[in-house]
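In what follows, a structure is listed as structure tokens, so that the remarks can point back to it.
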Protein chains: 2
Amino acid sequence: MALIENLNLSDKVTQELGRAIISGEYSNDSGFPSEAKMCEDYGVSRTSIREAVKMLGAKGLITSRPRKGIVVEPASKWNLYDTSVLKWMLESSPSLFVLREFLQMRMAIEPQAAALAAQFATDEQIKQIEQALKGMEAAGSDPTLSLHEADIAFHTSILAASNNRFILQLRDFVSTALNVSIQHTTPAKGSIKAIIEEHDKVYRAISLRQPERAKSMTAYLIDEAIIFIDAEIAKQEQK
Amino acid sequence: MALIENLNLSDKVTQELGRAIISGEYSNDSGFPSEAKMCEDYGVSRTSIREAVKMLGAKGLITSRPRKGIVVEPASKWNLYDTSVLKWMLESSPSLFVLREFLQMRMAIEPQAAALAAQFATDEQIKQIEQALKGMEAAGSDPTLSLHEADIAFHTSILAASNNRFILQLRDFVSTALNVSIQHTTPAKGSIKAIIEEHDKVYRAISLRQPERAKSMTAYLIDEAIIFIDAEIAKQEQK
DNA sequence: ATTGACATATTGTATTACAAATGAGAAGTG
DNA sequence: CACTTCTCATTTGTAATACAATATGTCAAT
């Protein structure tokens with residue numbers, strides 16, 4: 001999974017440091033080690049350390065200044081929409097709460113994306129959504145196919161059809177959210193048909209160019225997931 | 001404005017290269033120069049060039065591999081929520097169309113943020129929103145104060161009150177959007193009172209813990225701006 | 001035509017050296 | 001004593017050099 005192979009040294013150091021920073025190993029105690037110290041710790045040259053530091057700086061995790069050394073930025077400065085940062089967060093956080101935040105974000109983005117798609121999608125883009133929907137239907141009746149992957153394809157095809165770069169950019173974010181979801185939601189087998197039916201309603205609203213319906217259908221879809229997670233969290237807190 | 005002073009060399013190179021990449025100077029033609037070439041072009045050591053390349057790579061703009069050289073990633077890979085990337089985009093794009101995309105994003109984020117704030121904001125956070133609103137009122141009657149800054153403070157205080165890290169992260173994004181807006185919207189002086197009145201409705205909905213009203217009031221607020229920009233774009237296309 | 005070996009260009013890594021910035025403490029001064 | 005100024009030490013910033021690793025294309029041999 002981690003696949004820390006095939007990476008060059010500075011990338012490997014970046015991975016390790018990034019994970020360590022986000023899991024809070026340097027937040028409270030004696031501060032961040034100096035470049036020289038890290039050279040020893042990791043057994044690599046200062047060149048590689050510096051390149052790693054620059055990359056982490058570009059993601060908003062740290063800053064460095066002469067004599068002062070390297071300091072970890074407050075979490076509010078971290079670029080959470082960077083896929084690496086997102087990955088490190090998921091590796092170090094209890095994911096049920098992060099998942100709720102994910103879903104709240106999806107509740108913001110996806111209904112609006114669906115509405116924009118209904119207004120501005122090209123015929124080609126609508127065909128893409130249709131293809132993804134057919135993929136879900138196929139996976140619904142054929143267990144060898146992945147319903148999960150088709151589901152992701154459906155949602156991202158809508159993001160693409162919004163023709164808004166900032167929304168499309170959240171593709172990885174939504175994919176990640178859906179991937180995390182799958183770990184918690186045991187897909188009630190009987191309801192697969194219902195799920196596909198609901199996705200179909202979203203598709204039809206978009207293809208019929210009805211922004212408001214597309215928006216509320218999508219909101220409905222995500223709200224179900226939020227209700228499920230809220231229940232899950234409540235269950236966990238009871239223990 | 002640019003303030004390219006006070007930066008170290010690798011940061012300066014990063015700025016220049018980033019701007020050049022996003023404005024498309026390397027997208028179609030002979031490809032990206034090699035590190036050695038850039039050392040000559042910029043008159044700096046390979047160390048600085050490499051650090052700049054690493055930073056741009058961390059923002060998703062380029063990748064580099066031995067023998068193959070440095071290649072510009074497709075725009076879909078760029079991390080648009082990186083404040084530097086955002087800045088470079090605004091410097092190189094006709095901002096009226098970018099502004100519409102900004103507003104579409106705000107239409108996704110802010111109503112949801114307001115709804116979450118109505119549900120989960122602490123009393124302290126609601127007080128913050130109230131403070132920002134009072135700031136707007138003060139600026140409305142005192143021309144020496146900046147209504148614009150108070151406006152930004154109001155919107156970001158709601159993002160903070162959502163208590164969702166992913167939404168709060170978009171603070172810079174929303175600030176930037178509002179800053180760009182001001183360049184296009186000549187604030188009709190008579191309507192200032194109306195604008196403040198609408199912001200007050202959002203605040204009251206949040207403080208009364210009414211998520212749905214907070215959401216629709218915020219959506220109304222942003223929709224007005226979208227209508228304005230659409231008209232502006234139509235006007236420009238007529239010419 | 002396919003394969004294999006080799007030359008070549010480019011990034012990757014290490015090392016050394018010195019410059020620049022800055023914070024802390026010493027030294028000096030009223 | 002209070003305050004300023006100077007010096008020094010620490011840490012990052014920049015440069016230069018050298019060689020390793022990697023992948024691409026070429027050319028020859030089968």
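Every chain is numbered from 1 and lettered A, B, ... according to where its sequence line falls, protein lines coming before strand lines.
Heavy-atom neighbours of Glu91(B) CD from other residues, nucleotides or ligands within 6.0 Å: above the threshold of 12.
Below the 3.5 angstrom threshold, one finds no donor paired with an acceptor across the side chain of Ser45(B) and the base of dA16(D).
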Do any side-chain atoms of residues 56-64 of chain A form donor-acceptor pairs under 3.5 angstrom with protein atoms, and if so which ones, sequence neighbours left out?
{"from": "Lys59(A)", "atom 1": "NZ", "to": "Asp82(A)", "atom 2": "OD1", "distance (Å)": "3.2"}
{"from": "Lys59(A)", "atom 1": "NZ", "to": "Asp82(A)", "atom 2": "OD2", "distance (Å)": "2.7"}
{"from": "Lys59(A)", "atom 1": "NZ", "to": "Ala58(B)", "atom 2": "O", "distance (Å)": "3.2"}

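Protein atom CE of Met38(A) is 11 Å distant from nucleotide atom C1' of dT12(D), rounded to whole Å. One atom, CD1 of Ile62(A), and another, P of dT12(D), lie 10 Å apart when rounded to the nearest Å.
Ring geometry, Tyr81(A) versus Tyr81(B): the interplanar angle falls from 30° to 60°, so the pair is classed tilted.
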**Q.** Letter per nucleotide, 5' to 3', of nucleotides 5-12 of chain C [B base touched, S only sugar-phosphate touched, - untouched; heavy atoms, 4.0 Å]
**A.** ---BBBBB
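Every residue meeting the side-chain contact (heavy atoms from CB on, under 4.5 Å) condition with Asp123(A), not counting sequence neighbours, appears here in chain and number order: Arg209(A).
Using modelled atom types and a 3.5 Å distance limit, the side chains of Gln125(A) and Asn163(A) yield a donor-acceptor pair.
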